[in-house]
Novice: 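This is the structure, below, for whatever I ask next.
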Number of protein chains: 2
Amino acid sequence: MEKNDRISPAVIRRLPKYYRYLGELNKVGVNKTSSRELSDMTGFSASQIRQDLNNFGGFGQQGFGYDVGNLRNEIGKILGLDKKYKIIIVGAGNIGQAIANYTGFYEADYEVVALFDKNPKLIGLSIRNALIMDSDDLEEFLKKEHIDIAVICTPKSVSQQVAEQLVRCGIRAIWNFAPKDLKMPEDVYVENVHLNESLFSLTYYYNKMKKESK
Amino acid sequence: MEKNDRISPAVIRRLPKYYRYLGELNKVGVNKTSSRELSDMTGFSASQIRQDLNNFGGFGQQGFGYDVGNLRNEIGKILGLDKKYKIIIVGAGNIGQAIANYTGFYEADYEVVALFDKNPKLIGLSIRNALIMDSDDLEEFLKKEHIDIAVICTPKSVSQQVAEQLVRCGIRAIWNFAPKDLKMPEDVYVENVHLNESLFSLTYYYNKMKKESK
DNA sequence: AAATAATAGAGAAATTTTTCACAATATTTA
DNA sequence: TAAATATTGTGAAAAATTTCTCTATTATTT
Ligand SMILES: NC(=O)c1ccc[n+]([C@@H]2O[C@H](COP(=O)([O-])OP(=O)(O)OC[C@H]3O[C@@H](n4cnc5c(N)ncnc54)[C@H](O)[C@@H]3O)[C@@H](O)[C@H]2O)c1
Ligand SMILES: NC(=O)c1ccc[n+]([C@@H]2O[C@H](COP(=O)([O-])OP(=O)(O)OC[C@H]3O[C@@H](n4cnc5c(N)ncnc54)[C@H](O)[C@@H]3O)[C@@H](O)[C@H]2O)c1
């Protein structure tokens, strides 16, 4: 599908945003758009949007624009949102439960199959059809079920160890919420959600703004 | 403090990571480090680390390295982590509660002062000293209390409206968890945590890896 | 005391990313 | 039908970011 094998991460990071806005246009019945209009919505420059999309081939028509439904579909295919994904969550605390409760990963087929925790008070409870299981049973579970994505929501002290266990059982994609960088083999992809770092950046810009407005 | 007024966002995004690793070194009693060692820990190149730090002036000593405590302090000052910040959370659902419950914004002085929600079942409850208040009382509250950062954890349908209300009451820094890009005046800084986009990127790389390993 | 090794700082080069500019193509208007 | 307008695709230019290279400095070893 790709014209080019190696697409810059910056491009990949922007695709979900295009996808979201195309979904919104779709929902209100707009079926034609342009890089200009997408630029107004996303804040990225029109030429950057065209350049981005051209990495994957021409989805638009010169002189006309883009077909909303088609472009959304193509971006979905690039991201892999046309497939189903089974997810487990390790660590059923605040964040783990919040994610399990979340119904808004709409437009794509993610299913939280189970959660794992070591806290006996949590084991046995269910969150939206997903059972919280004993983390001692994790390896056995993974031997039987095919899971695409594991979410790590444990304290950082055990995150590396949990990640290694997951990888031993065949997991290749980890969504990591613990504030720790996992040391993983090359063929495991880790997407970090480092909320601390996000808040610290925010703090920097907040202070910068205050200083400048003085 | 800065040598240069305009620091690239890429640099700012890396500072929290340096800060975290310096904290870890500090904790285990290491008080001297080098760009080489920080490179091994963070995965950023040594020369990039030196370049980054030089944006703010020389914190190291040629031939010697960096003093861990001092460097951590300096980065903390750059980010503004030497100050206190009062936070409110609007939307006391899954994510709002998870953040209010979180004690791990350690090493900096963030205090969640209150949460706001419109759900009567939540109003009156407390999370770690922070009361969940009626969102109708938000404006009045903000007139009396000085708040630095507002966290938006409402559904996306109301996030723009909530943000505008916050800004009207003087808020200039927003940590936005709703999957929506807020249209805000220039002098308001918005830090987005777009978990959908993060998961979609993960999905892309997961599929890419699978394809390549075939 | 001299030689050696380690390391930051800093300018330059290389690379990556973004923007620009314009030809090609489609639609709309006169 | 012709002219005007809108818009993509694309190569080139510009800008931003990262890496390279070397000098100066410090600590350590001989
Ligand atoms: N809550 C937040 O807002 C927030 C913000 C930033 C980062 N984080 C990070 O996210 C992670 C989870 O945070 P949280 O607030 O949900 O914490 P939490 O304490 O509420 O949940 C952690 C859960 O992990 C479980 N656990 C511990 N060891 C385990 C193991 N070996 N196997 C399986 N489960 C185990 C605990 O029993 C607990 O239920 C932490 O690493 C935290 O630093 C959370
Ligand atoms: N939970 C997740 O894992 C997750 C993941 C990605 C994005 N998000 C986003 O984060 C936001 C919050 O998600 P959540 O799962 O916590 O949802 P939630 O439904 O649990 O919480 C939303 C809360 O906002 C309150 N609310 C609604 N309108 C309000 C208003 N006008 N003023 C004040 N409060 C109001 C609701 O009463 C509710 O308590 C949503 O925008 C969601 O899309 C959540």
Side-chain angles (χ1 to χ4, degrees), chain A residues 1-18 21-22 25 30-75 78 201 204, chain B residues 1-18 21-22 25 30-75 78 201 204:
Chain A
M1 185 208 319
E2 280 95 308
K3 246 168 56 171
N4 188 336
D5 192 38
R6 150 76 192 167
I7 309 287
S8 131
V11 175
I12 301 304
R13 298 272 150 204
R14 284 190 291 267
L15 294 182
K17 188 157 285 180
Y18 301 149
Y21 280 105
L22 289 164
L25 287 176
V30 176
N31 48 31
K32 169 187 183 276
T33 189
S34 67
S35 59
R36 169 75 188 286
E37 186 177 39
L38 287 169
S39 169
D40 289 344
M41 290 190 293
T42 62
F44 304 131
S45 79
S47 112
Q48 180 167 63
I49 292 169
R50 293 201 299 277
Q51 197 87 343
D52 282 357
L53 297 176
N54 262 71
N55 280 296
F56 305 97
F59 300 133
Q61 205 165 8
Q62 284 187 339
F64 175 76
Y66 300 93
D67 178 275
V68 170
N70 175 250
L71 181 57
R72 178 158 174 282
N73 245 279
E74 292 291 342
I75 293 176
I78 293 165
S201 297
Y204 171 84
Chain B
M1 187 209 318
E2 281 95 306
K3 246 168 53 170
N4 188 336
D5 191 39
R6 150 77 191 163
I7 309 286
S8 128
V11 174
I12 300 304
R13 297 270 151 205
R14 284 190 292 267
L15 295 182
K17 188 156 284 182
Y18 303 148
Y21 279 105
L22 290 164
L25 288 175
V30 176
N31 47 32
K32 170 188 180 279
T33 189
S34 67
S35 59
R36 169 74 188 286
E37 187 177 40
L38 287 169
S39 168
D40 289 344
M41 290 190 292
T42 61
F44 305 131
S45 79
S47 114
Q48 181 167 63
I49 292 169
R50 293 201 299 277
Q51 197 86 352
D52 282 358
L53 297 176
N54 260 71
N55 280 296
F56 306 96
F59 300 134
Q61 204 164 8
Q62 284 186 337
F64 174 75
Y66 300 93
D67 179 273
V68 170
N70 175 251
L71 181 56
R72 179 159 174 283
N73 245 279
E74 292 291 343
I75 294 176
I78 292 165
S201 298
Y204 171 84

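Not measured: the values here are computed from a predicted model. Letters A, B, ... are given to chains in the order of the sequence lines, protein chains preceding strands, and every chain is numbered from 1.
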Novice: Using a 4.0 Å heavy-atom cut-off across all strands, classify A:F59 as base, sugar-phosphate, or nothing.
Specialist: sugar-phosphate
Novice: Side chains of B:R72 and B:Y66, heavy atoms from C-beta outward: is any pair under 4.5 Å?
Specialist: no
Novice: Between atom CG in A:N55 and atom P in C:dT18, what is the gap in whole Å?
Specialist: 11 Å
Novice: Could you tell me the separation between the CG atom of A:N54 and the P atom of C:dA24, rounded to a whole number of Å?
Specialist: 16 Å
Novice: B:D40 CG to C:dT7 C1': how many Å, rounded?
Specialist: 14 Å
Novice: Map A:Q51 and B:S8 onto DNA chain D by nearest heavy atom, then report which one ends up closer to the 5' terminus.
Specialist: A:Q51
Novice: Examine distances only and state if a side-chain atom of A:K17 and a backbone atom of A:G43 form a donor-acceptor pair shorter than 3.5 Å.
Specialist: no
Novice: Can you name the nearest heavy-atom pair linking B:F44 to B:Y18, along with the distance?
Specialist: CD1-CE2, 3.6 Å
Novice: Would you find more than 12 non-hydrogen atoms of other residues, nucleotides or ligands less than 6.0 Å from A:R13 atom CZ?
Specialist: yes
Novice: Report the nucleotide, chosen from D:dT26, D:dT8, C:dT19, that has the shortest atom-to-atom distance to any side-chain atom of B:Q61.
Specialist: D:dT26
Novice: Rounding to an integer number of Å, can you tell me how far A:I49 CD1 sits from C:dT17 P?
Specialist: 17 Å
Novice: Looking at C:dT25, does its base get a donor-acceptor pair with the side chain of A:Q62 below 3.5 Å?
Specialist: no
Novice: Round to a whole Å and report the spacing from CD1 of B:I7 to P of D:dT17.
Specialist: 11 Å
Novice: Would you compute the distance between atom CD1 of B:I12 and atom CG of B:D52 and round it to the nearest 0.5 angstrom?
Specialist: 9.0 Å
Novice: I need the CG-P distance between B:L53 and C:dA10, as an integer number of Å.
Specialist: 12 Å
Novice: Just checking B:S47: base, sugar-phosphate only, or nothing, at a heavy-atom cut-off of under 4.0 Å?
Specialist: base
Novice: Rounded to the nearest angstrom, tell me the gap between atom CG in A:D52 and atom P in C:dT18.
Specialist: 7 Å
Novice: Side chain of B:A10 only, please: which of C:dT17, D:dT18, C:dA26 is the nearest?
Specialist: D:dT18
Novice: Looking only at the side chain of A:R14 (C-beta and beyond, no hydrogens), which of the listed nucleotides C:dT18, C:dG9, C:dA10 gets closest?
Specialist: C:dT18
Novice: Does the side chain of B:Y66 get closer than 4.0 angstrom to OP1 or OP2 of C:dA6 through an N or O atom?
Specialist: no
Novice: Looking at B:S35, does any N or O in its side chain come under 4.0 Å of the phosphate oxygens OP1/OP2 on C:dA8?
Specialist: yes
Novice: Between A:F64 and B:K32, which residue's closest nucleotide on DNA chain C lies nearer the 5′ terminus?
Specialist: B:K32
Novice: For B:L38 and C:dA8, give me the distance from atom CG to atom C1', rounded to whole Å.
Specialist: 12 Å
